[in-house]
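Notes for the one structure printed next.
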There are 2 protein chains.
Amino acid sequence: MPNSTIKLQNMRMKDLIEKELMNWIMDGRLDKGQRLREDELAEIFGVSRIPVREALHVLELKGLVEVTPYIGATVRQLSSSEVKQVYLMRCLLEPLAAEHAAELITKKELNNLKRIQEELECLCCVEHNPENRRMVYDKNRDFHMAIYNASKMDILVNLINNLWDNIAFLRIRSAYSPDYPEMMKREHRDYIHLLSVHDGKTLSKVLRENLEQHAKFFQVI
Amino acid sequence: MPNSTIKLQNMRMKDLIEKELMNWIMDGRLDKGQRLREDELAEIFGVSRIPVREALHVLELKGLVEVTPYIGATVRQLSSSEVKQVYLMRCLLEPLAAEHAAELITKKELNNLKRIQEELECLCCVEHNPENRRMVYDKNRDFHMAIYNASKMDILVNLINNLWDNIAFLRIRSAYSPDYPEMMKREHRDYIHLLSVHDGKTLSKVLRENLEQHAKFFQVI
DNA sequence: CCGGATTTGTTCGTATGTATG
DNA sequence: CCATACATACGAACAAATCCG
């Protein structure tokens with residue numbers, strides 16, 4: 001009898017359900033305002049209501065679900081004003097993490113970053129279709145988080161992750177411009193270069209400028 | 001039969017327990033590393049484990065409690081490196097909120113702010129003792145949040161609130177320098193003036209400088 | 001390496017609050 | 001305004017995982 005391929009140690013139903021619901025929200029299977037009933041989800045996942053309930057409450061605190069006591073839970077997606085706020089925060093926080101990362105990044109972390117970038121470029125070579133769009137999103141996110149994690153500022157990185165979660169639905173669904181992959185590739189190679197020469201000041205400046213550009217793009221949608 | 005003095009509408013046990021535990025952590029009744037067992041707390045509060053459990057999970061996401069699956073929950077207090085991170089984030093985020101607040105603040109909100117400041121100065125008149133230290137903290141926090149709320153940037157304000165929660169234990173317990181009340185009074189009057197003339201740029205600059213000062217103070221402790 | 005004690009994770013049943021007729 | 005329907009909030013018991021001897 002073979003063992004399970006996936007190590008479920010310390011993985012509670014609650015966590016699995018949370019991740020699954022997040023996927024559903026991100027890829028559009030659940031739309032804004034969609035009602036999330038505990039019973040219904042419990043039946044779908046084949047568990048009782050409690051782990052569903054806990055997952056919903058976690059997602060509420062993360063800003064992806066709105067829970068009203070005794071009424072119920074609905075999918076929450078940020079309004080355009082709220083998305084703007086998230087971008088303003090990202091423009092301040094991500095350059096901060098990147099600046100520290102440039103000081104502290106190790107050879108090993110830099111190599112890991114280069115490996116992620118190679119994988120990302122592979123994904124971008126093939127045509128952009130809905131199937132690999134999610135993979136590009138995930139890999140791009142890995143790339144950015146690999147930079148921020150090098151700052152060793154765990155609290156800050158955790159917060160940045162939350163901000164990304166909040167706008168994930170937007171970034172995965174919105175149409176990429178045709179030159180998006182090329183632009184991303186150029187930006188990322190800049191980041192890698194600036195990190196390798198430990199130029200935190202320039203990195204933080206470039207990153208902020210790029211983020212401001214991206215923010216503008218999402219504002220017109 | 002008289003009605004309850006406190007309106008408990010939409011106030012779940014979970015929320016009450018969460019607030020109470022936060023108070024315990026803030027005023028030092030619970031120390032770092034203190035074990036928080038669900039059934040023990042359930043007995044203390046006279047409820048079942050479920051609301052206690054949910055409160056603990058909320059506090060985990062807010063950064064005040066550490067929960068390890070199948071092991072348990074302990075009180076978490078930020079290390080000095082983590083406190084530093086929080087101050088770096090506050091130095092970026094609070095000036096941002098304040099700048100927008102200066103543009104958008106209404107006469108009514110400004111009057112409310114002045115009223116809070118009067119109450120705060122009253123509290124500061126009497127000698128600083130442990131009993132009113134907490135009240136001074138709360139009122140000062142009300143003052144700052146009244147400013148940030150005027151920005152109407154709810155996501156940002158919520159995040160700032162979380163940051164304050166994370167370092168509350170430090171600010172309430174640490175010794176005030178004798179001239180702290182006078183310094184705070186001066187700073188606050190500056191803020192009120194700059195808000196009333198809608199000078200967001202200067203406000204954000206002054207606020208950041210003050211925050212950097214405060215950060216230095218807590219770093220030596 | 002294994003078994004008991006302990007604590008959390010989950011299930012199911014009941015109570016309570018909300019909204020609609 | 002009250003009754004009913006519905007979904008969540010809570011309580012008690014069982015199952016699973018961890019730790020220690």
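Fair warning: this is a prediction, and the values are worked out from it, not measured in the lab.
Put simply, CD1 on A:Ile50 is 14 Å from P on D:dA12, counting in whole angstrom units. Separating the CD atom of A:Glu38 from the P atom of D:dC10 is a distance of 11 Å, rounded to the nearest angstrom. Atoms OH (A:Tyr70) and P (C:dT18) sit 7 Å apart, rounded to a whole Å. Per the geometry, CZ belonging to A:Arg12 stands 14 Å off P belonging to C:dT11, to the nearest Å. Residue B:Glu54 contributes atom CD, which lies 12 Å from atom P of C:dG9 at whole-angstrom precision. Atom CD in A:Glu40 sits roughly 14 Å away from atom C1' in D:dC6 (whole-Å rounding). Separating the CD atom of B:Glu18 from the P atom of D:dA9 is a distance of 14 Å, rounded to the nearest angstrom. Look at CD on A:Glu43: it is 15 Å from C1' on C:dT11, rounded to the nearest Å.
Taking 4.0 Å as the cut-off between side-chain N and carboxylate O, B:Lys19 and B:Asp15 do not count as a salt-bridged pair.
In this structure, B:Val47 reaches the sugar-phosphate backbone alone: every heavy-atom distance under 4.0 Å involves primed, P, OP1 or OP2 atoms, never a base. A:Leu36 comes within 4.0 angstrom of the backbone, heavy atoms only, and of no base.
Under the 6.0 Å cut-off for aromatic ring centres, B:Trp164 and B:Phe169 do not qualify, their centroids lying 6.0 Å or more apart.
Between B:Arg53 and C:dG9 there is a side-chain N or O to OP1 or OP2 distance below 4.0 Å.
For A:Arg35, the side-chain atoms get nearest to D:dA7 when compared with the rest of C:dT10, D:dA7, D:dA9. Side-chain proximity of B:His57 to the nucleotides C:dG9, D:dT8, D:dG11 is greatest for C:dG9. For A:Pro69, counting side-chain heavy atoms from C-beta on, the closest listed nucleotide (C:dT10, D:dA9, D:dG11) is D:dA9. Checking D:dC10, C:dT7, C:dG9 against every side-chain atom of B:Arg37, the shortest atom distance belongs to C:dT7. Nearest nucleotide to the side chain of B:Pro51, out of C:dT18, D:dC10, C:dT8: D:dC10.
Checked against A:Ile71 for a side-chain contact (heavy atoms from CB on, under 4.5 Å), the options A:Val67, A:Thr74, A:Thr68 give a single hit: A:Thr68.
For C:dG9, its base sits under 3.5 Å from the side chain of B:Arg49 at one donor and acceptor pair at least.
No donor-acceptor distance shorter than 3.5 angstrom exists from the side chain of B:Glu99 to the backbone of B:Leu96, with no hydrogens or angles considered. B:Arg141 places a side-chain N or O within 3.5 Å of a backbone atom of B:Asn161 that can act as its donor or acceptor partner.
Of the residues near DNA chain C, A:Ile71 and B:Val67, the one whose nearest nucleotide (by heavy atom distance) lies more toward the 5' end is B:Val67.
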